[in-house]
Structures are given as structure tokens and as C-alpha cells.
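Read through the structure below, which is laid out as C-alpha cells, and then see the notes.
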Amino acid sequence: MRLGLALGYWGRGPSPDHVPLAQEAERLGYDSVWTAESWGSDAFTPLTWIAAQTSTIKLGTAVAQMAARSPTTTAMHALTLDHLSGGRMMLGLGLSGPQVVEGWYGRPFPTSPLTATREYVDVVRQVLWREAPVALDGRFHSHPYRGADGTGLGKALKPITHPLRAELPVLLGAEGPKNVAQTIRIADGWLPLYWSPSRPEVYGPSVSDLPDGFLVAPMARVQVCADVAEGLLPVKVMLGFYIGGMGHAARNFHADLMARMGYEEEARHIQRLFLEGRREEAVLAVPDAFADEISLVGPRERIAERLELWRKGPVTDLLVLSSDPHTLRVLAELNT
């Protein structure tokens, strides 16, 4: 199981620790470093900054939001950074949810998310393959554009720049069983948001029959510490925000996943508290048991024991959410 460093997205401003952490991860033998975006910093610019100050570590987006860019724009970002980094780019994509897509990007959330995702990946692949001008008579992504409000003058094009790698890895963030099944069919890898090594069945039967070379790269908060309850608090803060605030009360993919993992009553309770403005109570309502099973927290010996559970399943890459160099070093030592 390879290790990756997940840096996430910025808060109020850029973190001065991200480049040093990426450099330390590279020195420790981590295979990859990943950036993200929500509605603030973008995923590609910080990754390019890191690429310029590292030399071997792979560079991934986990995730770049599809609503933020047309698929050809995303492919341009990926092929450009792949050239500049000497072939280190991995493109992780996610659809996000209606609240972000419509509230931040000002676009309609697709009525058929599976179709929209499939078309998006198709276009990205066509750009990277560069075998012919990009052409797709899609429901959500048409190339050239043929809508009634267009000029009709669009011309099918292929990229001027020859991609460095036609097979640049494309990974997808997916949570529902149908989305996961499609991801396994059309992508090179899967980026689970929450992964419980003891409950792989919640993602659907497809997870038990993965193609050779398929990447399974979940994120997990890792913290070497003496007090497990204290170490779980940042996990609970994250879960309270995602389950309570990253989605509408009637449609929240993160809350739905928590429910499928056996915590339906708790998930709905967290949502209610968060939406009522009782955010601290929402965080405290996150069960320690749930936070614990999707993370690696506690003394070195406890993490070593629990790490074996992650190794036994389909996980190929563990993307470590940690800003603590000591934790990164301990995990590297345990994973050898």
C-alpha cells in the first residue's frame, strides 16, 4: 500500500506548511501529494507550486470539481502540469453536490449525474489521446456545441499541445454504489471520501471485483497521539461540516453515505443541528466510533495494529490527512 499526502484546500489563506510538508513527504518516500478545492482556492495552482519545488513525488487533485471547468479546460490543466512536472500528474475529479454546483458555480446540477460524469471523462480522454478532434454528441457536454443558442460555427478541434502521456491516470470521487460501479468501468482509480476497512460492502458489490491496476485511494486523517478522543476531534469537526453543511438537508451525499455505513439516525441528527446553527453540538454528535473507523488515530502501536486492516482490503494508496511531520514519519516507518 503506497502512501500519499493529502493537503486539501486552503482556509482563509495559503498555508506556509504545504510546500515543506510535500518536500518532507517526498523525502520519506511518499508516492504522491494531493490538493483539493471547494469554493476558495483552486486545486491546480497550489499543485503547480508544489511541482516546481519537488522532483519525484506524484501530483494529484483530490478532487478538482467538474462544475468548475469544462472538460477540455480540465484536460488542458492536466496535460500542461504533466509536461511541467515530467509526467507526475494524476487527475482526480469529483461532481460535488447541488448546493455547491448551483450556489457557487451558478450552474444547474445535472439531472443525471452518472451521464454527466461519463461524458466529462470521455472528453478528457479524447483530449489526452489526441487521436482525432474532440467530438461528442452529449447530453451535458457536446463538442462542438450544437445548442439552439449557439452560432452553429463551432469546429471540432484537437489540442495543439501533444500530451506527454495519453494514459495520464484519471480518478473519480464517488460515494453511491452506482457511481462507484461506473467509476470502476470508466476510470483508472477511485477516491473514496470515507473508507471503512471493515465495511467495503457499503460501496456496492463492484468493489469486490476490481480490474488489475485499478487505484483505490481513500483519504484518512492520521494522528499519532496519546489521547484517542482528543485525536479524533479534528475528524469529528470535518465530519460535522461535511455531513451537516456540505449539502442540502434533502440531498446530502455525505450524510447518505454515513447512513449506509450504519449511522443513519446520527447522520440526520448532525444535519439538523448544523442547519439550526448549532455547529459545536453537531460536531460533538458525531459518534467517536464512526470517526475512528475511517481514520488512524492514537499511539504508534494502535495505529500499527489498525493499519493492517487497511492493508488487507483493496486500498492501493492511503492519502494521509496530516500536517504533523512526526505523524508522516511514523506512518512511513510503519508502512515499510
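For the single chain, residues carry numbers from 1 onward in sequence order.
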Look only at the side chain of [X] and the backbone of [Y], and say whether a donor-acceptor pair between them is shorter than 3.5 Å.
{"X": "E37", "Y": "D42", "result": "no"}
{"X": "T35", "Y": "G8", "result": "no"}
{"X": "S142", "Y": "P144", "result": "no"}
{"X": "D31", "Y": "R2", "result": "no"}
{"X": "Q223", "Y": "V297", "result": "no"}

Side chains of [Y] and [X]: any donor to acceptor distance under 3.5 Å?
{"X": "S206", "Y": "R185", "result": "no"}
{"X": "T48", "Y": "T45", "result": "no"}
{"X": "T74", "Y": "Y120", "result": "yes"}
{"X": "T54", "Y": "R88", "result": "yes"}
{"X": "E175", "Y": "N179", "result": "no"}
{"X": "Y105", "Y": "Q65", "result": "yes"}
{"X": "T56", "Y": "E26", "result": "yes"}

Grouping ILVMFWY residues whenever side-chain heavy atoms fall under 4.5 Å, the cluster of L321 otherwise contains W34, V63, M90, L171, L191, L215, M219, L319

Looking at [Y] and [X], is any side-chain nitrogen of the basic one under 4.0 Å from a carboxylate oxygen of the acidic one?
{"X": "R311", "Y": "E308", "result": "yes"}
{"X": "K158", "Y": "E131", "result": "no"}
{"X": "R329", "Y": "D324", "result": "no"}
{"X": "K236", "Y": "D292", "result": "no"}
{"X": "D256", "Y": "R268", "result": "yes"}
{"X": "E276", "Y": "R278", "result": "yes"}

Do the side chains of D82 and L84 get nearer than 4.5 Å, heavy atoms only?
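Counting from C-beta outward, L84 and D82 never come under 4.5 Å.
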
So if I apply the side chain to side chain contact (heavy atoms under 4.5 Å, CB included) rule between L91 and each of V124, L172, L128, which one comes out positive?
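Only one option passes, and that is V124.
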
Can you say whether the rings of H254 and Y242 are parallel (under 30°), tilted (30 to 60°) or perpendicular (over 60°)?
perpendicular

W190 vs W195 aromatic rings, parallel, tilted or perpendicular, using cut-offs 30° and 60°?
perpendicular

Heavy atoms only: give me the nearest P163-H83 pair and the separation to one decimal.
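That would be C-NE2, 3.7 Å.
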
